[in-house]
Number of protein chains: 2
Amino acid sequence: MKLSTKGRYGIQAMFELALYYGEGPISLKTIAENEGLSEHYLEQLIAILRKADLVKSVRGAQGGYMLAAPPDKITVGDVIRTLEGSLAPADCVLEDTPFECSRAGGCPTKLVMERIRDSINKVIDSITLQDMVEDYRRLNQKSAFMYYI
Amino acid sequence: MKLSTKGRYGIQAMFELALYYGEGPISLKTIAENEGLSEHYLEQLIAILRKADLVKSVRGAQGGYMLAAPPDKITVGDVIRTLEGSLAPADCVLEDTPFECSRAGGCPTKLVMERIRDSINKVIDSITLQDMVEDYRRLNQKSAFMYYI
DNA sequence: TGAAATCCGGGTAAAATAGTAGGGATTCAG
DNA sequence: CTGAATCCCTACTATTTTACCCGGATTTCA
């Protein structure tokens, strides 16, 4: 039940873009360096995010990527689902194309899966990139303050 | 973010054992047939559950398996974690041996992972095998009733 | 024009998944 | 006391997924 690196790196990259939102395009190189990720691999992930209209690209020198919407309009759920697909823990509770098993109607395991799925969705849909940025700034401020004690 | 078949089959097998709790040992063959699973594969999974003291075995002819505790004392979380390990969506938020990344302290992604982890745990720890049995009986009763309309 | 970027398709080694195979040990029924 | 049922254990394996790398084309700014 791990998130793959797609989802994790995707969140990290989107967080970087949120951090510099409004300051022009950020290059993949910058993102990859700041987050310690492979530039080539990140390229594939951000291509998916671009096709899903979550980021915009600017080609050519001094180009790069930026969020397609303000950080408070993009949720962690948008990012994860774009990169990983549904977060349903089993195929029988996929939101779009559920695989119907033979006992689908009266299956007690399915109820469990639905509850897990719903609780994950509830959490990731409630966190925006703006929330992450604010958390980050708060955490950083705190540890800077700690040095003076 | 799928549960592997280990977790899913494990829940199904434990549900079967809960359904017949108190009626003597149930053979692997019976469980596998009722749930439509591979007997040999299930054997490996139930061995893990046995070592974790969630099920007891009775060897020899007319032997089989039974729950090591009443169905209302075993949660879905006990079963899943035994078979799949922690349900942390990333290694940095493992409950027992978290992998500390470089920015661990001020990492906003980690906060997200913690919230996902906690919400999954909350759900699976709140559902007992007894709950599943009751759901099953309720669902079945309902559909039997439907036939008369 | 040349350097800095994005864009794009393909390739690939390693790990995880979901089993299969086969034999040994134990116990009950007749 | 023998045979069938059943658990117990280790090893093997095909397939899929993951997490990348490579090379080159295209676009744009300075």
Side-chain angles (χ1 to χ4, degrees), chain A residues 1-13 16-17 20 24-68 80 83-86 89-91 99, chain B residues 1-13 16-17 20 24-68 80 83-87 89-91:
Chain A
M1 273 289 272
K2 289 263 183 321
L3 223 51
S4 76
T5 54
K6 279 188 193 175
R8 210 166 72 243
Y9 294 180
I11 295 174
Q12 294 181 241
E16 284 290 324
L17 294 182
Y20 301 111
I26 312 292
S27 76
L28 260 187
K29 194 179 175 191
T30 305
I31 300 173
E33 276 173 3
N34 285 358
E35 295 286 335
L37 306 175
S38 151
E39 194 180 332
H40 266 297
Y41 186 41
L42 207 49
E43 199 177 349
Q44 291 176 49
L45 307 187
I46 212 156
I48 300 170
L49 295 169
R50 184 172 48 81
K51 281 164 194 161
D53 284 321
L54 290 175
V55 302
K56 285 185 297 187
S57 66
V58 177
R59 300 186 69 169
Q62 271 64 52
Y65 296 92
M66 39 191 164
L67 296 183
I80 297 184
L83 290 167
E84 308 237 357
S86 165
D91 287 341
F99 171 77
Chain B
M1 272 291 272
K2 290 262 183 320
L3 225 50
S4 76
T5 53
K6 280 189 193 175
R8 210 165 73 241
Y9 294 180
I11 295 175
Q12 294 181 238
E16 284 291 323
L17 294 182
Y20 301 110
I26 312 293
S27 77
L28 212 45
K29 194 179 174 190
T30 305
I31 300 173
E33 275 172 5
N34 284 358
E35 295 286 336
L37 306 174
S38 152
E39 194 179 334
H40 262 299
Y41 186 41
L42 205 50
E43 201 177 349
Q44 293 176 45
L45 307 187
I46 212 155
I48 299 170
L49 294 170
R50 184 173 48 80
K51 281 164 193 160
D53 285 321
L54 290 175
V55 303
K56 285 186 296 189
S57 66
V58 178
R59 299 185 68 167
Q62 273 61 54
Y65 296 93
M66 40 192 163
L67 296 183
I80 297 184
L83 291 167
E84 308 236 357
S86 165
L87 270 81
D91 287 341

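The analysis underlying the following values was restricted to heavy atoms, covering all of them including side chains, and did not include hydrogens, waters or symmetry mates. Small disclaimer: the values here were computed from a predicted structure and weren't measured. Each chain gets a letter, A, B and so on, in the order its sequence line appears, and its residues count up from 1.
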Original post:
If you look at every strand shown and take non-hydrogen atoms under 4.0 Å, does A:L28 touch a base, only sugar-phosphate, or nothing?
Top reply: sugar-phosphate
Original post:
Given side chains that start at C-beta, do those of A:I80 and A:I11 come closer than 4.5 Å, heavy atoms only?
Top reply: yes
Between the protein and nucleotides 24-26 of chain D, list every N/O to N/O distance that falls short of 3.5 Å.
| residue | atom | partner | partner atom | Å |
| --- | --- | --- | --- | --- |
| D:dT26 | O2 | A:R59 | NH2 | 3.1 |

**OP:** Find the distance A:L45:CG to D:dC21:C1' and express it as a whole number of Å.
**Re:** 14 Å
Original post:
C:dA18 C1' sits how many Å from B:E84 CD, rounded?
Top reply: 12 Å
Original post:
Out of C:dG19, C:dA18, C:dA29, which has the shortest distance to the side chain of B:S4?
Top reply: C:dA18
Original post:
OP1, OP2 of D:dC8 versus side-chain N and O of B:S57: anything below 4.0 Å?
Top reply: yes
Original post:
When the nearest nucleotide of DNA chain D is assigned to A:L3 and to A:G60 on a heavy-atom basis, which residue is associated with the more 5' position?
Top reply: A:L3
**OP:** Report yes if a donor N or O on one partner sits less than 3.5 Å from an acceptor N or O on the other, where the partners are the side chain of B:Q44 and the base of D:dC9; otherwise report no.
**Re:** no
**OP:** Please determine, by modelled atom types, if B:Y9 and B:S4 share a side-chain donor-acceptor pair under 3.5 angstrom.
**Re:** no
Subject >> Flag side-chain contact, heavy atom, 4.5 Å: A:L28 against A:E43 >> reply: yes
Original post:
OH of B:Y41 versus P of D:dA11: gap in Å, rounded?
Top reply: 18 Å
Original post:
What nucleotide, of C:dC7, C:dA29, C:dT27, holds the atom closest to the side chain of B:A61?
Top reply: C:dT27
Subject >> C:dA18 phosphate, OP1 or OP2, under 4.0 Å from B:T5 side-chain N/O >> reply: yes
**OP:** Tell me whether the OP1 or OP2 atom of C:dG19 has a side-chain N or O from B:Y9 closer than 4.0 Å.
**Re:** yes
Subject >> Distance in angstrom units between A:K6 NZ and D:dT16 P, rounded >> reply: 16 Å
**OP:** Assess the side chains of B:S27 and B:Y65: does a donor N or O sit below 3.5 Å from an acceptor N or O?
**Re:** no
Subject >> Nearest-Å distance for atom pair CD/P, residues A:E33 and C:dA4 >> reply: 13 Å
Original post:
To the nearest Å, how far apart are A:D91 CG and C:dT17 C1'?
Top reply: 14 Å
Subject >> Short side-chain N/O contact to D:dC21 OP1/OP2 from A:S38, under 4.0 Å >> reply: yes
Original post:
What's the NZ-P distance between A:K56 and D:dT28, to the nearest Å?
Top reply: 15 Å
Subject >> Selected nucleotide, minimal atom distance to A:R50 side chain, candidates D:dC21, D:dA4, C:dC7 >> reply: C:dC7
Subject >> Shortest side-chain distance from B:Y65, nucleotide among C:dT20, D:dA30, D:dC7 >> reply: D:dC7
Original post:
Taking C-beta and beyond as the side chain, do B:L3 and B:L87 meet within less than 4.5 Å on heavy atoms?
Top reply: yes
Subject >> B:I46 side chain reached by B:L42 side chain, heavy atoms, under 4.5 Å >> reply: no
Subject >> B:K2 side chain reached by A:D91 side chain, heavy atoms, under 4.5 Å >> reply: yes
Original post:
Hey, which of these two, B:E39 or A:I46, hits DNA chain C nearer its 5' end, going by closest nucleotide?
Top reply: A:I46
**OP:** Could you check how far CG of A:L42 sits from P of D:dT18, rounded to whole Å?
**Re:** 17 Å
Original post:
Do B:E84 side-chain atoms and B:G7 backbone N/O form a donor-acceptor pair below 3.5 Å?
Top reply: yes
